[in-house]
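Reviewing the structure listed below.
Remember, predicted model here, so these are calculated numbers, not experimental data. In this chain, numbering begins with 1 at the start of the sequence shown.
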Amino acid sequence: MEEIDVKSPIPLCPSARPEVGNSAVFGIVAGTVEKPQVAYLKQVQPLTDELIALSGSVTPGEVFRVAAPCAGTGCQHFDGANCRLATRVANQLAAVSENLPPCPIRRECRWWQQEGKAACMRCPQVITDNYSPSEQIRQVATPVAV
């Protein structure tokens, strides 16, 4: 099994779908259903079948924040140059952190590279598989047609 290269020249998507062999866990979803909050790991961990099994009866995206190489034009949020999801997160969500979160993928993160501190201050509230999102989170997460 090939591990994700967090030093790759391809930026990492911090909201990737969990796929064994192509992604790594960089945070654990904590908080409450109404107010989830990502707790960042000190080091990324390759997503393995064993980690997926730890998510139990829920999807890995409900439990883990996962990074993978940006899919670029293969992603519904990418406009050919930028991640529109990162832009919406940075511009439409309220900051949930006063300081930069201790994120282990920051240097390689597309959201950081594109939106800087604004994205990081909002990132802890982003949950990949959120089945009870607020209306605002739902609007931000919905892809916009180009």
Legend entry - Full working for side-chain contact (heavy atoms from CB on, under 4.5 Å) between Glu115 and Arg110: CA-CA 8 Å; Glu115 302 294 333; Arg110 173 167 294 283; over 6 Å; no
Should [X] and [Y] count as side-chain neighbours, where that means a heavy-atom distance under 4.5 Å?
{"X": "Cys103", "Y": "Trp112", "result": "no"}
{"X": "Cys75", "Y": "Cys13", "result": "no"}
{"X": "Pro18", "Y": "Phe64", "result": "no"}
{"X": "Gln114", "Y": "Thr87", "result": "yes"}
{"X": "His77", "Y": "Pro143", "result": "yes"}
{"X": "Ile28", "Y": "Val38", "result": "no"}
{"X": "Cys70", "Y": "Leu12", "result": "no"}

Inset, instruction - Using salt bridge (charged side-chain N to carboxylate O under 4.0 Å, His left out) as the criterion, list what pairs up with Glu34, not counting sequence neighbours. - result: none
List the atom of [X], the atom of [Y], and the distance in Å for their closest heavy-atom pair.
{"X": "Trp111", "Y": "Arg65", "value": "CZ3-NH2, 4.1 Å"}
{"X": "Gln139", "Y": "Arg88", "value": "O-NE, 4.2 Å"}
{"X": "Thr73", "Y": "Gly80", "value": "CG2-CA, 4.5 Å"}
{"X": "Tyr40", "Y": "Cys123", "value": "OH-SG, 3.4 Å"}
{"X": "Ile127", "Y": "Gly61", "value": "CG2-O, 3.7 Å"}

Going hydrophobic residue to hydrophobic residue with side-chain gaps under 4.5 angstrom, can you get from [X] over to [Y]?
{"X": "Leu54", "Y": "Val20", "answer": "yes"}
{"X": "Val96", "Y": "Val140", "answer": "no"}
{"X": "Val58", "Y": "Leu47", "answer": "yes"}

Under 3.5 Å donor-acceptor, [X] side chain and [Y] backbone:
{"X": "Gln125", "Y": "Pro36", "answer": "no"}
{"X": "Asn82", "Y": "Arg84", "answer": "no"}
{"X": "Arg17", "Y": "Val66", "answer": "no"}
{"X": "Arg122", "Y": "Leu93", "answer": "yes"}

Legend entry - Pair Glu62, Ser55: side-chain N/O donor-acceptor within cut-off below 3.5 Å: no
Inset, instruction - Verify the distance criterion only: is there a donor paired with an acceptor across the side chains of Ser134 and Gln136 at less than 3.5 Å? - result: no
Inset, instruction - Report the distance from atom SG of Cys83 to atom CD of Gln113, rounding to the nearest 0.5 Å. - result: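 One gets 11.5 Å once the value is rounded to the nearest 0.5 Å.
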Legend entry - Leu51 and Val25: CA distance, side-chain angles, deciding distance, side-chain contact (heavy atoms from CB on, under 4.5 Å) verdict: CA-CA 9 Å; Leu51 269 179; Val25 175; 4.0 Å; yes
Legend entry - Glu135, CD: over 12 other non-hydrogen atoms inside 6.0 angstrom: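 Yes.
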Inset, instruction - Determine, stepwise, if the pair Val29 / Thr128 fulfils side-chain contact (heavy atoms from CB on, under 4.5 Å). - result: CA-CA 10 Å; Val29 177; Thr128 304; over 6 Å; no
Legend entry - Stepwise side-chain contact (heavy atoms from CB on, under 4.5 Å) test for Arg106 and Phe26: CA-CA 10 Å; Arg106 182 169 293 118; Phe26 69 96; over 6 Å; no
